[in-house]
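Here the structure is a predicted model, which is why all the values come from computation and not from measurement.
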Amino acid sequence: MTAEMVAPAWMRTQISAEQYDSWSEERCAGIEIVDGVAVASPSASKRHKRLARILANALDSAAGPDWNADTDFDVRLQDVPLTNRRPDVTVYRAETIDLTPTRPEHVLLVVEVVSPGSETTDRIVKVDQYAKAGIPFYWRVEQAATGVPIVYTYILDPATTAYRDGETFTGVIKAAAPFLVTVDLGSV
């Protein structure tokens, strides 16, 4: 099997912000750009997608008119080399809905739902990237064997551009600064 059979040529070359911005939404779906290289995201399970949608809906309702929450949403962490991430849930300023690309200064919270195969990326790599970009809050959701999710929250320390541990929730999200969210995730 050759490299051409595994990934198209454009996924094996350095991609600039200008090139990426010229691509169709369909071409960008399911990929992230890390240090200028396209990285295909594994297809998420139904449970993963449902959990992300439930969280996005709850956060969108709780956020009020100033913030939106969406799934499958590009966040441009840096232009050179291009790093574009697609968190499972993004909470961003409502007035920036039509701005492309969405920049870290528009984002309040990113949520990653950990799946088999994304553990290292979601637990280590993305945490560091989101913190360095200045995104104030990061949530990592683990899908426990019991079926009840565990939500780990992190709060950015601007002095160190690193996250410090926030609260951990099992099955229920009780609170998240600066807005209150109550969600029963036990039936996901």
Side-chain angles (χ1 to χ4, degrees), residues 1-61 63 65-141 143:
M1 186 177 295
T2 66
E4 290 77 24
M5 296 169 78
V6 174
W10 61 268
M11 288 187 81
R12 298 186 315 273
T13 60
Q14 196 75 11
I15 299 162
S16 70
E18 295 77 24
Q19 286 172 308
Y20 186 81
D21 292 343
S22 72
W23 292 355
S24 69
E25 197 169 310
E26 291 77 30
R27 187 173 186 182
C28 296
I31 65 167
E32 293 180 316
I33 309 296
V34 181
D35 294 330
V37 178
V39 178
S41 301
S43 183
S45 69
K46 288 180 184 178
R47 179 176 298 278
H48 180 117
K49 290 176 189 175
R50 177 170 168 68
L51 184 53
R53 185 175 43 80
I54 288 169
L55 282 167
N57 290 345
L59 289 165
D60 200 51
S61 294
D66 295 336
W67 299 94
N68 293 336
D70 282 310
T71 59
D72 198 26
F73 194 87
D74 272 346
V75 178
R76 175 79 45 93
L77 300 180
Q78 65 184 37
D79 288 312
V80 179
L82 178 62
T83 298
N84 239 40
R85 287 295 191 177
R86 279 185 114 87
D88 291 310
V89 179
T90 305
V91 177
Y92 60 96
R93 294 183 189 286
E95 76 262 7
T96 66
I97 193 168
D98 293 321
L99 293 181
T100 303
T102 297
R103 301 283 182 175
E105 58 267 21
H106 305 147
V107 176
L108 176 67
L109 164 70
V110 290
V111 179
E112 293 290 353
V113 178
V114 178
S115 294
S118 74
E119 294 95 345
T120 301
T121 302
D122 292 343
R123 292 179 186 152
I124 299 168
V125 178
K126 288 184 179 181
V127 175
D128 186 53
Q129 289 176 337
Y130 294 145
K132 282 186 171 65
I135 296 173
F137 300 97
Y138 175 67
W139 290 0
R140 188 184 82 239
V141 181
Q143 300 180 71

Problem - Chi angles and distances behind the side chain to side chain contact (heavy atoms under 4.5 Å, CB included) call for Y130, V75 - result: CA-CA 10 Å; Y130 294 145; V75 178; 5.7 Å; no
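- Atoms CG and OG1, from L77 and T102 in turn, are 11.0 Å apart once rounded to the nearest 0.5 Å.
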Practice task
Run the numbers on R93 and D66 for side chain to side chain contact (heavy atoms under 4.5 Å, CB included), then give the verdict.
Solution key: CA-CA 6 Å; R93 294 183 189 286; D66 295 336; over 6 Å; no
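- The distance from atom OG1 of T71 to atom CZ of R50, rounded to the nearest 0.5 Å, is 13.5 Å.
- Taking every heavy atom of both residues into account, L108 and I135 meet most closely at O-CG2, 4.0 Å.
- For the residue pair S22 and Q19, the shortest heavy atom distance occurs at OG-O, 2.7 Å.
- By the 4.5 Å heavy-atom criterion applied to side chains, W23 and I15 are counted as neighbours.
- The structure places CD1 of I97 at 6.5 Å from CG of D70, a figure rounded to the nearest 0.5 Å.
- Considering every non-hydrogen atom in both A94 and P65, the closest pair reads CB-O, 3.3 Å.
- Residue W67 holds its CH2 atom at 8.0 Å from CD of E95, rounded to the nearest 0.5 Å.
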Exercise for the section: Could you please spell out the steps behind the side chain to side chain contact (heavy atoms under 4.5 Å, CB included) verdict for Y138 and D122? Expected result: CA-CA 10 Å; Y138 175 67; D122 292 343; 4.2 Å; yes
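- When all heavy atoms of P104 and A133 are compared, the pair lying nearest together is CB-O, 3.3 Å.
- Salt bridge annotation for D79-R103: present, with a cationic side-chain nitrogen under 4.0 angstrom from a carboxylate oxygen.
- With rounding to the nearest 0.5 angstrom, the OH atom of Y20 is 3.5 Å from the CG atom of D74.
- In this structure, CG on N68 lies 7.5 Å from CZ on F73, to the nearest 0.5 angstrom.
- At least one donor-acceptor pair under 3.5 Å links the side chain of D88 to the backbone N or O of V113.
- With hydrogens and angles disregarded, a donor-acceptor distance shorter than 3.5 Å links the side chain of Q78 to the backbone of P81.
- A salt bridge links D21 and R76; the closest N-O separation between the charged side-chain nitrogens and carboxylate oxygens is under 4.0 Å.
- Side-chain contact, Q129 with R85: a donor N or O sits under 3.5 Å from an acceptor N or O.
- For D128, the side chain to side chain donor-acceptor pair (under 3.5 Å) test picks out K132, with sequence neighbours left out.
- Using modelled atom types, no side-chain atom of T121 and backbone atom of S118 make a donor-acceptor pair closer than 3.5 Å.
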Problem - Stepwise side chain to side chain contact (heavy atoms under 4.5 Å, CB included) test for R86 and D72 - result: CA-CA 6 Å; R86 279 185 114 87; D72 198 26; 2.7 Å; yes
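- Taking the salt bridge (Lys or Arg N to Asp or Glu O under 4.0 Å) definition, one finds that R123 meets it with E142, sequence neighbours left out.
- For T96 (side chain) and L99 (main-chain N/O), no donor-acceptor pair under 3.5 Å exists by modelled atom type.
- D35 pairs by the salt bridge (Lys or Arg N to Asp or Glu O under 4.0 Å) definition with nothing, not counting sequence neighbours.
- Taking every heavy atom of both residues into account, P87 and T90 meet most closely at CG-OG1, 3.5 Å.
- Contact detail for Q143 and S115: the closest heavy-atom pair is NE2-OG, 3.9 Å.
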